Engineer: 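The structure under discussion is supplied below as structure tokens; questions concerning it will follow.
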Amino acid sequence: MSKKLINQPANFVDEMLEGLLAAHPDQLAVAKGDSRVIVRKDAGTGNRVGIVTGGGSGHLPLFVGYVGRGLATAAAIGNVFSSHSSDAALEAIRAADCGRGVLCLYGNYTGDRLNFELACDLADAEGITTTTVLGHDDVASAPPERAAERRGVAGLFFAYKCAGAAAEEGRDLAAVTAVATKVADATRTMGVGLSPTIIPTAGKPTFELAEGEMEIGIGIHGEPGIRRGELETADSVVEQLFERVSAELDLGPGSRVAVLVNGMGATPLEELYVMYRRVRQLCDERSVVVHRAYVGEYATSLEMAGASLSLLKLDDELVSLLDAPAASPFFRQ
Amino acid sequence: MSKKLINQPANFVDEMLEGLLAAHPDQLAVAKGDSRVIVRKDAGTGNRVGIVTGGGSGHLPLFVGYVGRGLATAAAIGNVFSSHSSDAALEAIRAADCGRGVLCLYGNYTGDRLNFELACDLADAEGITTTTVLGHDDVASAPPERAAERRGVAGLFFAYKCAGAAAEEGRDLAAVTAVATKVADATRTMGVGLSPTIIPTAGKPTFELAEGEMEIGIGIHGEPGIRRGELETADSVVEQLFERVSAELDLGPGSRVAVLVNGMGATPLEELYVMYRRVRQLCDERSVVVHRAYVGEYATSLEMAGASLSLLKLDDELVSLLDAPAASPFFRQ
Amino acid sequence: MTPDELTDLLRKAMPLLGRAADELATLDGAAGDGDLGITVSEGARAVEQALDTLPADVALAALLRAVGAAFARGNPSTFAALVGGGLLAAARAVTDATTVDRDAALAVGRAVAAAIAQRGGSAPGDRTVLDALIPSLDALEQATGTSEAALDAMIQAAEDGVAATRQMSPRKGRAAWTGDRGLGHPDAGATAYLRFLQSLREVTVGTDGRVDG
Amino acid sequence: MTPDELTDLLRKAMPLLGRAADELATLDGAAGDGDLGITVSEGARAVEQALDTLPADVALAALLRAVGAAFARGNPSTFAALVGGGLLAAARAVTDATTVDRDAALAVGRAVAAAIAQRGGSAPGDRTVLDALIPSLDALEQATGTSEAALDAMIQAAEDGVAATRQMSPRKGRAAWTGDRGLGHPDAGATAYLRFLQSLREVTVGTDGRVDG
Ligand SMILES: Nc1ncnc2c1ncn2[C@@H]1O[C@H](COP(=O)(O)OP(=O)(O)O)[C@@H](O)[C@H]1O
Ligand SMILES: Nc1ncnc2c1ncn2[C@@H]1O[C@H](COP(=O)(O)OP(=O)(O)O)[C@@H](O)[C@H]1O
Ligand SMILES: [Mg+2]
Ligand SMILES: [Mg+2]
Ligand SMILES: [Mg+2]
Ligand SMILES: [Mg+2]
């Protein structure tokens with residue numbers, strides 16, 4: 001049975017949003033046309049390129065947690081692990097547009113894509129220019145030669161951060177889109193799962209993991225990973241993740257990276273720091289410079305125990321965008 | 001068996017600290033004399049009253065997470081759920097002192113107290129003036145007439161925030177201590193546990209909770225609560241917690257409060273917002289004004305599933321101290 | 001059969017679909033995220049409500065539009081968007097149909113399949129709903145005799161199609177690359193389509209499942 | 001017995017204490033936080049190490065200081081601070097003792113108990129280590145005959161004391177106010193003291209547990 005502090009499972013997402021808006025009325029608002037769209041308080045003003053994201057619920061702070069200053073402008077909210085509607089995506093695009101166009105920046109999942117594509121077509125008919133960049137950082141979800149098919153996971157945070165900073169600076173849609181593309185292409189992530197998640201309306205785990213078992217490469221919704229095996233030490237797990245996420249980034253002495261050690265939900269922050277310790281050692285051994293490290297819960301899977309490691313390879317432009325200030329109820333720098 | 005991403009259990013705390021320092025070298029440093037003492041990068045400078053805290057590990061962001069600007073100056077770190085040593089407490093006090101004295105601000109646990117008391121005696125012998133304020137917000141741990149015996153839990157955050165702001169403003173030791181005392185006396189917390197925790201070196205749960213069972217009033221280390229029973233809805237749980245935490249605060253129309261809905265570790269952020277929704281409704285019904293709401297993980301118990309509700313009754317002084325900026329790797333406002 | 005009669009059948013069949021929610025959640029969880037049970041039960045509920053708002057003497061195109069939009073919105077997801085979008089495409093393909101005969105049914109089915117393949121970028125053998133849908137349309141095309149017999153043939157073909165997905169690699173070969181947690185299970189979306197056909201038969205021929213033609 | 005002989009006994013007894021770690025973790029977890037197993041096993045290890053650094057012909061006070069400081073630092077906690085601090089206080093009380101006879105042992109025990117009660121703000125009946133320690137000291141005070149017989153009497157009294165804690169409310173009556181999860185179990189700290197005495201007897205009289213006096 002599920003151990004959840006919820007009311008009617010069917011009301012879970014709407015009650016969560018109600019709580020969110022009640023807690024952060026100074027920063028967030030609901031869009032006029034759709035209760036499943038959350039926007040920055042100042043969305044639609046300021047003559048900035050809009051950035052819209054969205055996807056299923058159950059991943060906080062993803063996606064709505066990255067609606068804020070120097071981040072995304074609006075998010076369309078789906079049910080737990082299900083896409084938002086195309087209506088919500090359209091409403092989010094409308095709310096985010098100040099006339100300079102809107103970047104749709106979200107993870108590569110078929111359902112999200114289908115609903116965003118429809119919304120973009122409709123937005124286009126209304127005279128709103130949109131571009132699309134998909135997060136596809138999960139190296140476990142397809143081999144390198146099919147990198148475009150990969151799912152988007154925690155590394156999406158880096159794309160929000162950099163594209164959001166570019167939009168905040170006043171860059172135009174093409175430039176903001178180029179930043180998002182550059183980040184999406186230079187980010188790699190892989191995760192490990194130690195326990196399953198439970199969708200509230202389903203009430204039971206979507207898959208099973210035996211006592212003492214882990215799944216390397218697991219998806220953010222519990223999609224199958226690359227390998228199941230006996231739980232190993234944090235160091236050994238990190239070494240395997242690091243090997244895979246760094247392999248395609250062509251890192252050498254002097255390369256600069258941003259690191260994200262992300263908790264999936266139930267794993268204590270202490271363990272994430274134990275993991276980061278090893279990540280840092282591996283970087284140091286290779287003379288790879290960690291420009292910034294983020295350790296915490298950035299993209300969760302409800303109560304799944306586990307963690308993921310993301311690396312973003314940086315250049316001078318990305319360094320300055322990553323360092324720019326940002327502020328949402330969930331992330332502030 | 002425990003599902004943990006760790007290495008040798010005996011190295012857990014030291015490896016966690018190593019990761020923490022590697023991730024935040026711009027903000028945190030280890031004290032010269034003791035590897036179990038973490039200080040603000042600028043500790044001992046700035047002519048501010050020092051604030052020292054400490055306690056067992058396994059509660060991040062408590063305690064070391066509140067070492068930062070506008071918060072605490074240094075923290076002494078114990079093993080998981082065990083007190084720091086008196087040596088570490090003394091070293092923390094030394095590191096935090098700029099000559100204006102040091103407030104020791106921590107939770108009311110016998111082990112922490114014994115080790116801090118010894119350290120304060122030794123500091124006194126070295127000419128460092130100290131004062132002590134104990135967090136004692138857990139209403140489930142003793143009845144009102146024995147309020148001073150209560151344990152300190154998540155509500156300690158409010159004390160760090162306000163006393164830290166007072167110290168940052170340059171107030172003297174007596175004034176900073178008075179703020180901490182005022183906050184400690186005006187804060188109430190109660191929690192609910194849905195699953196046990198596992199101390200890494202023990203490797204098995206410290207207590208059992210049956211499927212579908214919850215424990216109201218559980219302590220931050222899993223200490224027994226007030227009542228075990230079948231898991232109820234989030235709304236019903238919040239109503240019970242609110243009733244108990246508000247009872248002694250004499251709240252009426254126009255009273256101002258700060259609210260903290262704190263996750264114990266495994267409970268998803270979404271559920272905390274579902275809980276906050278009900279807290280806010282209860283406040284609204286009573287015309288109690290929520291000046292600020294904090295929702296997230298502020299004091300955890302490793303991978304325990306559960307949450308706590310804290311209320312701080314505010315006056316004008318506390319409002320302005322609570323609103324002041326603060327910054328640590330874990331909390332930024 | 002008139003569109004109104006089809007509306008009536010669907011109104012009876014939709015509540016039966018909810019029974020498959022657990023099974024579909026488990027199948028989807030084996031290879032994906034486990035939300036398909038909700039997509040189908042919420043989608044069916046949304047369709048049921050939409051049917052109640054239809055006027056009498058509804059045109060087939062209008063019925064398909066209402067059903068497609070409702071299913072797409074019930075629990076937005078891949079399956080909802082593909083099937084809902086497919087039904088909307090079918091509505092455009094049958095604008096002038098006023099009776100639901102075999103040809104009209106076939107036209108609808110083919111339009112749905114084509115739209116799913118196009119928007120999903122998928123083909124038969126990719127372990128999707130198409131692997132049950134397309135064989136069942138082939139069976140319909142070849143069917144002679146009563147509509148009940150045709151439905152039975154469709155179900156048989158869909159069952160075979162679902163069984164065949166057990167051996168297919170999910171998501172265009174991902175299982176070959178990653179683990180094999182999903183392998184051995186039938187595809188969830190294909191199973192959902194089969195359960196839809198079975199629900200339809202149940203309300204057509206009574207709960208004993210025997211075909212009276 | 002000389003302090004050196006006591007050092008030797010303790011060096012043998014400390015490794016045995018680790019066997020109680022699981023039991024103590026469980027007992028402490030029932031009413032508290034479960035860390036007492038670690039406090040005792042780490043404390044014993046720290047004591048063992050400290051004993052190795054002692055010079056020959058050590059004074060009793062110096063032995064107690066070394067043992068107390070080591071136990072307090074092993075795994076800092078309530079129990080470590082109280083027991084370690086108690087041993088440091090005892091060192092101050094026996095400054096001029098050079099042999100460990102019954103009077104000296106009693107003086108040490110009483111000093112430890114007094115320090116724990118004072119620093120812990122606790123009294124017999126509060127469900128603490130004192131509820132085993134004090135009765136065992138009373139037994140020692142009344143014991144006549146060999147030191148083995150005295151140790152046996154102490155163990156018997158401590159066992160009775162531990163059993164009595166089952167009925168006591170933890171932490172000065174907290175159980176009466178809160179739940180009763182800890183009730184029925186013996187106190188963890190009292191049990192730890194009993195296991196210490198038993199380890200001492202084991203290395204004194206051999207593992208058969210029989211007393212040769
Ligand atoms: N690209 C695609 N083309 C056709 N059908 C697909 C495609 N992707 C998924 N499906 C079908 O949808 C089902 C899963 O739907 P759903 O659970 O809504 O997807 P998700 O949760 O991944 O968004 C699959 O079992 C499959 O039958
Ligand atoms: N105030 C006190 N006075 C005397 N003994 C105490 C006191 N508090 C705890 N103890 C003893 O210490 C044991 C628990 O020690 P420990 O686990 O270190 O405490 P904690 O984990 O609460 O810091 C108890 O079983 C009891 O025997
Ligand atoms: Mg969590
Ligand atoms: Mg957590
Ligand atoms: Mg799915
Ligand atoms: Mg304890």
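These numbers come from a predicted model, not from an experiment. Note that these values count all heavy atoms, side chains included, but never hydrogens, waters or copies made by symmetry. Order of the sequence lines sets the chain letters (A, B, ...), proteins ahead of strands, with each chain counted from 1.
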Engineer: B/L114 versus chain D, heavy atoms under 4.5 Å apart: side chain, backbone, both or neither?
Structural biologist: both
Engineer: Got a list of side-chain donor-acceptor pairs under 3.5 Å for residues 15-22 of chain D, not counting sequence neighbours?
Structural biologist:
residue, atom, partner, partner atom, Å
D/R19, NE, D/L16, O, 3.2
D/R19, NH1, D/E202, OE2, 3.2
D/R19, NH2, D/E202, OE1, 2.9

Engineer: Answer yes or no: does atom CD of B/E230 have more than 12 heavy-atom neighbours from other residues, nucleotides or ligands under 6.0 Å?
Structural biologist: no
Engineer: Near D/R110 CZ, under 6.0 Å, is it more than 12 heavy atoms from other residues, nucleotides or ligands?
Structural biologist: yes
Engineer: Would you mind checking which part of D/R119 comes under 4.5 Å of any heavy atom in chain B, side chain (CB onward), backbone (N, CA, C, O), both or neither?
Structural biologist: both
Engineer: Distance check, rounded to the nearest 0.5 Å: B/I220 atom CD1 versus D/D33 atom CG?
Structural biologist: 11.0 Å
Engineer: Quick one: what part of D/L82 sits under 4.5 Å from any heavy atom of chain B, side chain, backbone, both or neither?
Structural biologist: both
Engineer: So which residues of residues 78-88 of chain B are in contact with chain D at a heavy-atom cut-off of under 4.5 Å?
Structural biologist: B/N79, B/V80, B/F81, B/S82, B/S83, B/H84, B/S85, B/D87
Engineer: Would you indicate whether D/E5, at its atom CD, is surrounded by more than 12 heavy atoms from other residues, nucleotides or ligands within a distance under 6.0 Å?
Structural biologist: yes
Engineer: D/T78 vs B/R113, test: side chain to side chain contact (heavy atoms under 4.5 Å, CB included). Steps then yes/no.
Structural biologist: CA-CA 9 Å; D/T78 302; B/R113 253 187 41 225; over 6 Å; no
Engineer: Looking only at heavy atoms, which of residues 46-69 of chain D get nearer than 4.5 Å to chain B?
Structural biologist: none
Engineer: Can you tell me if D/R11 has over 12 outside heavy atoms packed within less than 6.0 Å of its CZ?
Structural biologist: yes
Engineer: Residue by residue, scan residues 84-98 of chain D and write down, ordered by number, those that have a heavy-atom distance under 4.5 Å to chain B; if none do, write 'none'.
Structural biologist: none
Engineer: Does a sphere of radius 6.0 Å around CD in B/Q8 hold more than 12 heavy atoms from other residues, nucleotides or ligands, not counting ones at 6.0 Å or beyond?
Structural biologist: no
